[in-house]
Amino acid sequence: MKKEVRPFVFTLIVLVVLIAAYPSYLLFSKVSTELRIENRLEENDYEKDISKQETKFDSTTGRYFLEIKYENEPDYTYYYTVINGVILTSAYNQKNVQVIAGLKHDLK
């Protein structure tokens, strides 16, 4: 192989590896976020109250989060995300206004 072709082939191989690694990283990130939050929900015995659960991706932050509605709080939608190993909870009512106090399913 000529010396001029070697850097091109090497660059092409590195590019293919990086492109293939990105979906694997996203899958790992999604699964680890789901597992961490679901384990905490089980620890707090909240999973029995869940009526709807969906994992979503926030393209602005590059993070996955869980959107959960509970049977005993049908007017609130909870959002759980993991940032620096800490699970953050936010909740919004039906008018899309953030609820700060009186949350029954806060993961602290």
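Owing to the predicted nature of the structure, the values given are computational and were not obtained by experimental measurement. Both backbone and side-chain heavy atoms feed into the values below; hydrogens, waters and symmetry mates do not.
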Could you state the interatomic distance from NZ (Lys30) to OH (Tyr25), rounded to the nearest 0.5 Å? 14.5 Å
May I have the step-by-step check of side-chain contact (heavy atoms from CB on, under 4.5 Å) for Val31 and Tyr64, ending in yes or no? CA-CA 9 Å; Val31 170; Tyr64 283 94; over 6 Å; no
So CG of Leu103 and CD of Glu73: to nearest 0.5 Å the spacing works out to 6.5 Å
Interatomic distance, OG1@Thr61 vs CD1@Ile83, rounded to 0.5 Å, equals 7.0 Å
Between Val99 and Asn93, what is the shortest heavy-atom contact and its length? CG2-N, 3.9 Å
How many angstroms lie between atom CG of Leu66 and atom OH of Tyr78, to the nearest 0.5 angstrom? 14.5 Å
Would you check if Asp106 and Asn44 make a side-chain contact, meaning some heavy-atom pair closer than 4.5 Å? no
When you look at Ser51 and Lys69, which way does the side-chain hydrogen bond (donor to acceptor under 3.5 Å, both in side chains) test go after all the steps? CA-CA 6 Å; Ser51 64; Lys69 289 187 116 349; over 6 Å; no
Do Gln53 and Glu47 pair up side chain to side chain, a donor and an acceptor below 3.5 Å, judged on atom types alone? no
State, yes or no, whether a side-chain contact exists between Leu88 and Val86 at a heavy-atom distance under 4.5 Å. yes
Test: Lys56 and Glu67 ion pair at under 4.0 Å: yes
How long is the span from the CG atom in Asn39 to the CG atom in Leu35, to the nearest 0.5 Å? 6.0 Å
Quick check: closest heavy atoms across Ile37 and Tyr80, and the distance to 0.1 Å? CD1-O, 3.4 Å
So, do Thr33 and Phe65 sit near enough that their side-chain heavy atoms are less than 4.5 Å apart? no
Any link between Val82 and Ile50 through a network of hydrophobic side chains (Ile, Leu, Val, Met, Phe, Trp, Tyr) touching at under 4.5 Å? yes
Sub-4.5 Å side-chain heavy-atom contact between His105 and Asp49: yes
Compute the centroid of each ring, for Tyr70 and then for Tyr76, and state whether the two points are separated by less than 6.0 Å. no
If two hydrophobic side chains count as joined below 4.5 Å and joins carry through other members, does Tyr79 share a cluster with Ile68? no
Going from CZ on Arg40 to CZ on Arg36, what distance comes out if it is rounded to the nearest 0.5 angstrom? 8.5 Å
